[in-house]
Amino acid sequence: MLDQIHWLAAVTVLGVLEQAYFFLQVIYARRLFGISPPKISGPPEFERIFRAQVNSSEYFPIFLALLWQAGLFFHQGLAAALGLLYLYARYCYFMGYKASSSERLAPIYFSAGVLWILIAVSALGILHFFLSHYVGLNILQFLTA
């Protein structure tokens, strides 16, 4: 079984490390700008870093659920590759937002596109499972024919 999930697990660990990096960036920004918790406002430079981290945290559970569903029900390699693309886009989003609020736009649209692809792949994989398991219909055969 582990050979069927090792890439998903690796991408998950990379995602957790990325989230930790984003958290650390907020801690460093708090120290740099003298903003103690629970305050969340300050100079625009701090607020952009804070929002980039919060936004990334909000989407992380969605990403993880889709990554694992796509990997388990469709194809581990494709899901892991899409996961790496998503993590890279989120890193670009964070760094862009840190620099300027307008530089976050292209990476956020790209990462949203990757999430939509993961949704489609997950749905197709789950649909295939139900149809093949309960109806005896293999829809993937039709796609490859």
Side-chain angles (χ1 to χ4, degrees), residues 1-133 138-144:
M1 162 130 171
L2 291 179
D3 61 331
Q4 296 173 356
I5 62 168
H6 62 283
W7 290 115
L8 301 174
V11 172
T12 299
V13 170
L14 285 175
V16 169
L17 291 173
E18 183 178 66
Q19 289 296 306
Y21 172 75
F22 295 161
F23 290 132
L24 288 174
Q25 292 301 302
V26 172
I27 292 170
Y28 298 146
R30 283 187 181 283
R31 289 179 184 157
L32 178 66
F33 297 107
I35 299 171
S36 299
K39 289 174 69 177
I40 58 171
S41 61
E45 296 82 6
F46 169 76
E47 289 185 8
R48 287 195 310 266
I49 293 168
F50 181 79
R51 285 305 316 156
Q53 181 270 318
V54 170
N55 291 346
S56 296
S57 297
E58 290 169 346
Y59 277 88
F60 194 61
I62 297 167
F63 162 69
L64 285 180
L66 292 171
L67 172 74
W68 280 85
Q69 287 176 40
L72 293 174
F73 286 98
F74 193 83
H75 190 273
Q76 177 188 203
L78 177 64
L82 289 168
L84 290 174
L85 271 177
Y86 177 82
L87 293 178
Y88 175 70
R90 270 295 165 174
Y91 177 79
C92 292
Y93 164 79
F94 186 90
M95 299 312 282
Y97 208 169
K98 185 176 176 181
S100 161
S101 61
S102 63
E103 289 188 41
R104 79 192 195 288
L105 295 176
I108 195 68
Y109 294 144
F110 184 77
S111 66
V114 173
L115 282 181
W116 279 109
I117 294 168
L118 280 170
I119 289 170
V121 170
S122 296
L124 184 61
I126 292 168
L127 179 65
H128 171 262
F129 175 80
F130 281 121
L131 289 176
S132 64
H133 189 74
N138 187 347
I139 61 171
L140 294 181
Q141 239 176 10
F142 294 117
L143 294 176
T144 59

Quiz item: So, Q76 side chain and W7 main chain: donor-acceptor pair closer than 3.5 Å or not?
Solution: yes
Quiz prompt | Q4 (side chain) donor-acceptor with L72 (main chain) under 3.5 angstrom | solution = no
[X], [atom1] atom: more than 12 neighbouring heavy atoms under 6.0 Å:
| X | atom1 | value |
| --- | --- | --- |
| F129 | CZ | yes |
| I40 | CD1 | no |
| F33 | CZ | yes |

Exercise. Please assess I35 against F50 for the test side chain to side chain contact (heavy atoms under 4.5 Å, CB included), listing each intermediate value before the final yes or no.
Key: CA-CA 11 Å; I35 299 171; F50 181 79; over 6 Å; no
Self-check item: Shortest non-hydrogen contact from V11 toward A80
Solution: CG2-O, 3.7 Å
Exercise. Would you name the heavy atoms of A79 and L67 that are closest together and state the gap between them?
Key: O-CD1, 3.2 Å
Practice problem: Output all residues satisfying side-chain contact (heavy atoms from CB on, under 4.5 Å) with L14, sequence neighbours left out; order by chain, then residue number. | Solution: L84, L87
Quiz item: Can you tell if the side chain of P37 reaches within under 4.5 Å of the side chain of R30, non-hydrogen atoms only?
Solution: yes
Exercise. Taking the side chain as every heavy atom from C-beta outward, state whether F94 and I49 have any pair of such atoms under 4.5 Å apart.
Key: yes
Once rounded to the nearest 0.5 Å, what's the spacing between atom [atom1] of [X] and atom [atom2] of [Y]?
| X | Y | atom1 | atom2 | answer |
| --- | --- | --- | --- | --- |
| F74 | L124 | CZ | CG | 5.0 Å |
| M95 | S100 | CE | OG | 13.5 Å |
| L8 | L64 | CG | CG | 10.5 Å |
| Q53 | E58 | CD | CD | 9.0 Å |
| L82 | I117 | CG | CD1 | 6.0 Å |

Quiz item: Between the side chains of N55 and Y93, is a donor N or O closer than 3.5 angstrom to an acceptor N or O?
Solution: yes
Quiz prompt | Donor on one side chain, acceptor on other, W68 and T12, under 3.5 Å | solution = yes
Exercise. Dump the intermediate steps for side chain to side chain contact (heavy atoms under 4.5 Å, CB included) on I126 and F130, then the final yes or no.
Key: CA-CA 6 Å; I126 292 168; F130 281 121; 3.5 Å; yes
Practice problem: Please assess E47 against S41 for the test side chain to side chain donor-acceptor pair (under 3.5 Å), listing each intermediate value before the final yes or no. | Solution: CA-CA 6 Å; E47 289 185 8; S41 61; 4.6 Å; no
Quiz item: Does Y97 have R51 sitting over its ring (NZ/CZ under 6.0 Å from centre, angle to axis within 45°)?
Solution: no
Practice problem: Can you label the angle between the F63 ring and the F60 ring as parallel, tilted or perpendicular, going by 30° and 60°? | Solution: tilted
Self-check item: L24 vs I27, side chain to side chain contact (heavy atoms under 4.5 Å, CB included): CA-CA, chis, key distance, verdict
Solution: CA-CA 5 Å; L24 288 174; I27 292 170; 4.3 Å; yes
Quiz prompt | Test side chain to side chain contact (heavy atoms under 4.5 Å, CB included) applied to R90 and E18, step by step | solution = CA-CA 9 Å; R90 270 295 165 174; E18 183 178 66; 3.8 Å; yes
Residues 103-111 side chain polar contacts: donor-acceptor under 3.5 Å, at least two apart:
from	atom 1	to	atom 2	distance (Å)
R104	NH1	S101	O	2.5
S111	OG	P107	O	3.3
S111	OG	I108	O	3.0

